[in-house]
Number of protein chains: 2
Amino acid sequence: MNHIDKPIIAITLGDPAGIGPEIILKALKNERVVQELYPVVFGDSKVLRQAMDITGLKFNLQTLQRIDQAVFQPNTIHVVESDIITEPVQMGEIQGVCGRAAFSYIANAIDWTMSGITLAIATAPLNKESLKAGHIPYQDQTEVLSKFTQTEMPMTLFMVDAMRTFFLTRHIPFRSIAGALTIPSVVAGLQRSDQGMRQLGFASPRLALAALNPHGGEHGLFGDEEMTILGPAVEEACRQGLKVVGPIPADSAFHLNVEGHFDAVLSLYHDQGHIATKCYDFNRTIDLTLGLPFLRIAVDHGTAFDIAGKNVANPTSMIECLLACSRYGQQARTFFKKNS
Amino acid sequence: MNHIDKPIIAITLGDPAGIGPEIILKALKNERVVQELYPVVFGDSKVLRQAMDITGLKFNLQTLQRIDQAVFQPNTIHVVESDIITEPVQMGEIQGVCGRAAFSYIANAIDWTMSGITLAIATAPLNKESLKAGHIPYQDQTEVLSKFTQTEMPMTLFMVDAMRTFFLTRHIPFRSIAGALTIPSVVAGLQRSDQGMRQLGFASPRLALAALNPHGGEHGLFGDEEMTILGPAVEEACRQGLKVVGPIPADSAFHLNVEGHFDAVLSLYHDQGHIATKCYDFNRTIDLTLGLPFLRIAVDHGTAFDIAGKNVANPTSMIECLLACSRYGQQARTFFKKNS
């Protein structure tokens with residue numbers, strides 16, 4: 001093993017039939033990625049070889065059982081094998097074997113990262129249907145991470161440039177959003193966002209709460225949650241020592257965030273924050289999971305079965321994931337250790 | 001009057017105490033604006049002189065009673081006076097006299113544009129409180145336009161680059177949004193959007209309907225409006241001859257629109273479309289009013305009383321308004337005449 005002068009980042013291939021393997025190879029040729037970190041890929045050599053054929057990119061593949069076998073050098077990928085995929089994969093298809101492989105990749109990556117060998121995990125997307133077809137009893141990688149690390153409520157942060165957004169609610173019906181807002185739930189959301197930002201290294205995070213109604217309701221003219229719930233929740237959070245402003249009309253909040261008026265926005269619902277980051281910069285948005293013992297960052301797109309295997313997938317989000325793992329990974333671990 | 005080789009565009013100053021006059025002067029120095037159109041400003045010379053002092057920009061002001069008095073030449077502004085503002089204005093303050101002036105500007109601009117003298121109207125923002133203080137019985141310029149032109153339901157289109165969004169609902173409480181969706185209301189919204197795009201010159205507009213629930217509900221997993229209302233509405237609209245796709249998860253729809261997969265998106269609610277355009281490009285977004293006998297385009301920001309008179313206001317949105325008036329103005333009139 002050579003002298004380790006850069007963070008070692010775990011990368012999971014995700015679903016072998018999706019675009020994960022392609023974008024990982026492309027990302028590992030990126031100059032900034034090569035400069036800033038050492039990668040360890042959790043996957044299968046068979047899948048990586050297929051991706052090399054697809055992309056025309058060449059790497060030496062070195063199977064790794066223990067980290068002391070690693071000799072990090074340019075154009076070499078160290079692979080922790082799952083030994084599940086031994087035949088060529090049918091690209092773009094739901095396959096149980098691919099679901100089982102994707103599960104194995106994330107499970108192994110968690111083991112290595114919990115042990116402190118790898119600093120943080122960047123994950124390519126998996127396919128929920130393939131997981132199901134493979135009889136894996138988890139919905140997605142975040143659920144696996146949550147269970148394996150015994151983290152009750154991991155937090156999602158979407159980030160691109162200075163735009164950062166947490167979510168008070170996510171995968172619930174639109175009709176249930178307004179009812180999910182209470183002063184305690186919003187204060188708790190702000191507290192969690194504050195903790196999340198601290199885990200990223202912000203010593204005294206400045207938060208904004210997004211409003212619910214158009215124009216923030218215009219003093220009750222159309223909707224009063226700003227006056228009855230959101231405003232009082234911000235006041236209460238400030239009383240508890242947090243730095244929070246708002247509620248701020250949602251069509252201004254994210255722009256003001258990018259301009260530096262505050263460090264992050266707490267969105268009230270999925271699309272509020274997702275529309276913001278994806279319209280600001282669709283390709284560069286990344287999806288951080290905070291509250292875990294280590295940092296996990298996912299690309300903000302899916303397996304894209306329709307273009308998998310065609311060498312057209314854009315690796316930008318994966319590149320951003322890797323760079324952010326390298327940049328924030330140590331701080332995230334240190335903060336977690338100090339505060340758990 | 002000189003030979004008219006460019007469109008003559010009406011510009012209203014908006015509230016004299018806001019940033020309108022400043023951004024108009026800045027926009028009228030913009031090279032593309034100078035090249036592409038002749039401006040007629042509906043305002044008061046007193047206000048424009050004050051704005052020249054604020055910005056340091058110089059123009060010759062020529063008062064105009066009739067268009068045949070106009071000799072369009074560089075650095076000359078033709079002003080149709082309201083004669084309401086005769087004293088220096090207190091910047092950034094709610095004043096009844098300013099509300100009355102702003103109303104007079106838009107009223108005069110409508111007269112000239114209805115007569116066909118000016119082709120289209122670009123409007124700077126007014127202040128609702130000032131209107132009220134001036135005892136003007138209208139809420140905003142769009143209401144004035146609607147009443148004066150006897151247009152029952154003018155349509156709002158937000159536009160920036162290829163991103164274009166109509167709105168099914170706007171200034172209603174968030175809690176009322178889901179309830180406002182019915183198959184007939186959505187089909188009607190799609191029909192109106194189609195007409196709006198035709199007025200802009202799209203011969204066979206391709207529309208997308210945004211979804212309501214996160215990920216479009218994932219087949220009813222969280223919310224079923226996509227299956228019970230939005231999907232059937234798209235089918236019905238297609239049966240009626242429209243080109244519509246969707247419902248498309250809202251965090252992808254706008255990005256796909258920019259990439260050219262369709263020409264416009266029908267948003268279901270205010271923030272859905274506003275977050276999209278403002279996060280994509282806050283400064284360049286413009287606000288078109290369609291369904292009128294002529295095109296009206298407004299900047300997408302307010303009077304910004306906090307920075308009015310400080311020469312820091314960004315004229316980008318006003319520049320975009322003027323260029324779009326010039327580009328789409330003739331088509332909008334022709335379409336209206338043919339179809340009314």
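Below, chain A is the first sequence line, B the second, and so on; all start at residue 1. Only a predicted model underlies this, so the values are computations on that prediction, with no experimental measurement involved.
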key: A:I172 portion near chain B, given a 4.5 angstrom heavy-atom threshold   =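 Only the backbone of A:I172 comes within 4.5 Å of chain B.
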
ask   = So what's closer than 4.5 Å to chain B heavy atoms on A:H270: side chain, backbone, both or neither?
value = side chain

task = For this output row, return yes or no: ring centroids of A:F158 and A:F254 closer than 6.0 angstrom.
result = no

Atom [atom1] in [X], atom [atom2] in [Y]: separation rounded to 0.5 Å?
X: A:E22; Y: A:I307; atom1: CD; atom2: CD1; result: 7.5 Å
X: A:D287; Y: A:T285; atom1: CG; atom2: OG1; result: 9.5 Å
X: A:Q272; Y: A:R170; atom1: CD; atom2: CZ; result: 13.0 Å

query = With respect to chain B, which residue among A:F282, A:Y269, A:Y280 yields the maximal number of heavy-atom pairs within a distance under 4.5 Å?
reply =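 Of the options given, most contacts go to A:F282.
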
task = Considering only heavy atoms and a distance below 4.5 Å, find which of A:D271, A:I177, A:D281, A:L212 pairs most often with chain B.
result = A:L212

request  = Apply salt bridge (charged side-chain N to carboxylate O under 4.0 Å, His left out) to B:R284 and B:D161, showing your working.
outcome  = CA-CA 8 Å; B:R284 288 175 49 243; B:D161 292 343; 2.4 Å; yes

Mind listing the side-chain donor-acceptor pairs of residues 123-130 of chain B below 3.5 Å, one per line with the distance, residues two or more places apart or on another chain?
from	atom 1	to	atom 2	distance (Å)
B:T123	OG1	B:R296	NE	3.1
B:T123	OG1	B:R296	NH2	3.2
B:N127	OD1	B:E129	N	2.8
B:N127	OD1	B:S130	N	3.1
B:S130	OG	B:D15	OD2	3.2

ask   = Taking C-beta and beyond as the side chain, do B:L268 and B:L230 meet within less than 4.5 Å on heavy atoms?
value =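 Touching, per the 4.5 Å side-chain cut-off.
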
query = Of all the residues in residues 215-229 of chain A, which have a heavy atom that comes within less than 4.5 Å of a heavy atom in chain B?
reply = A:H215, A:E218, A:F222, A:G223, A:E225

query = What part of B:N213 gets closer than 4.5 Å to chain A, counting heavy atoms only: side chain, backbone, both or neither?
reply =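 Both parts, backbone and side chain.
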
